[in-house]
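Here the structure is laid out as structure tokens; the discussion comes afterwards.
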Amino acid sequence: MRVDNEKTAIAAGAGAWGAINPTYRRYARVLQFHVDACAPRQPRQKGKIERRVRDQRAAIDPSDRTWSNLGELQAWTVAKLADFAAKLICPATGESVADAWEKERILLTALPETLPEPFDIAVMRQVGVDALVAFEARHYSVPFAHIGSRVEVRGCARSVQIYKDCGLIASHPRGTPARLIIDQRHYDGQGTSRVAAPPPLGRMGARMLEIANAPVARRSIDCYAALAEVAR
């Protein structure tokens with residue numbers, strides 16, 4: 001991924017000697033792409049790409065007619081882009097851009113089934129003996145099999161996502177009033193060769209958990225009126 005030296009991508013320095021923003025580096029590792037920063041004061045390194053953007057904008061001008069809806073405009077744009085790609089020549093292959101793109105698509109890495117949610121902070125944490133991870137003055141549970149492991153914690157817009165080896169192992173709501181956020185399912189299952197399974201909940205503990213997870217009962221006003229009548 002050829003990038004300029006903006007701070008969202010390059011935290012310090014520039015070009016090949018620049019330090020990649022840690023959060024952006026982690027995002028690149030998940031999607032498996034290499035970050036290649038342009039050398040400073042070398043506009044030719046990215047000028048060809050910017051030139052193609054300008055050519056494309058000049059070749060497609062939707063302002064000369066009236067459009068009835070967005071779908072009609074989108075269909076016209078797609079057709080125009082396809083025709084434009086068939087006429088342009090790819091400098092690297094000598095073929096049309098459309099033909100070169102079809103051959104290149106086969107070699108590209110496939111995207112994951114679920115794209116990672118954008119995050120504003122990513123830190124490494126060690127899972128405690130209670131299968132909890134500390135983050136932003138709160139503790140979040142993870143599957144007990146990861147006790148003692150180092151995991152990556154990401155602060156997303158509405159959730160806290162916890163990754164191990166680039167795989168999502170836990171997700172919790174972010175910024176809750178509660179300081180201890182536990183998913184009881186993280187303590188269920190068979191032990192591993194490294195970590196023994198936690199003891200199961202007793203009858204009292206299971207009953208308390210059932211009561212805590214029970215939805216609030218809703219009754220009609222007539223029910224309360226009948227109870228008030230009996231109380232008289």
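In what follows, residues are counted from 1 in the order of the sequence shown.
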With distance as the sole test, does [X] use its side chain to make a donor-acceptor pair with the main-chain N or O of [Y] at under 3.5 Å?
X      : Y      : result
Asp183 : Ser141 : no
Arg41  : Ala39  : no
Asn5   : Cys38  : yes
Arg138 : Thr176 : yes
Tyr27  : Phe119 : no

If Ile, Leu, Val, Met, Phe, Trp and Tyr residues are connected whenever their side-chain heavy atoms lie under 4.5 Å apart, and connections chain through other members, are [X] and [Y] in the same group?
X      : Y      : result
Val151 : Tyr140 : yes
Ile181 : Val153 : yes
Tyr24  : Leu31  : yes
Val123 : Val127 : yes
Ile20  : Met1   : yes

Counting only heavy atoms not in [X] (residues, nucleotides, ligands), do more than 12 fall under 6.0 Å from its [atom1]?
X      : atom1 : value
Glu6   : CD    : yes
Arg194 : CZ    : yes
Arg185 : CZ    : no
Lys80  : NZ    : no

Under 4.0 Å between a Lys/Arg side-chain N and an Asp/Glu carboxylate O for Arg29 and Glu152? no
Taking 4.0 angstrom as the limit, do Asp99 and Lys103 come out as a salt bridge? no
I need the minimum non-hydrogen distance between [X] and [Y], along with the two atoms involved.
X      : Y      : answer
Phe144 : Asp188 : CE2-O, 3.2 Å
Ala170 : Pro143 : CB-CD, 4.5 Å
Arg26  : Arg154 : O-NH2, 4.1 Å
Ser96  : Ala85  : CB-O, 3.9 Å
Ala145 : Val195 : O-CG2, 3.8 Å
Ser159 : Glu117 : OG-OE1, 3.4 Å

Euclidean distance, [Y] [atom2] relative to [X] [atom1], rounded to 0.5 Å:
X      : Y      : atom1 : atom2 : answer
Thr66  : Leu73  : OG1   : CG    : 11.5 Å
Gln32  : Leu111 : CD    : CG    : 10.0 Å
His139 : Leu180 : NE2   : CG    : 8.0 Å
Ile60  : Leu81  : CD1   : CG    : 3.5 Å
Glu72  : Thr77  : CD    : OG1   : 10.5 Å
Ile182 : Asp130 : CD1   : CG    : 8.0 Å

Phe33 vs Thr109, test: side-chain contact (heavy atoms from CB on, under 4.5 Å). Steps then yes/no. CA-CA 9 Å; Phe33 67 82; Thr109 302; over 6 Å; no
If the plane angle is over 60° it's perpendicular, under 30° parallel, otherwise tilted; pick one for His186 and His172. perpendicular
State, with a plain yes or no, whether a side-chain heavy atom of Val78 is found less than 4.5 Å away from one of Gln74. yes
Mind checking what makes ring-ring contact (aromatic ring centres under 6.0 Å, His included) contact with [X], not counting sequence neighbours?
X      : value
Trp76  : Trp67
His146 : none
Trp17  : none

Determine, stepwise, if the pair Thr8 / Thr23 fulfils side-chain contact (heavy atoms from CB on, under 4.5 Å). CA-CA 9 Å; Thr8 52; Thr23 302; over 6 Å; no
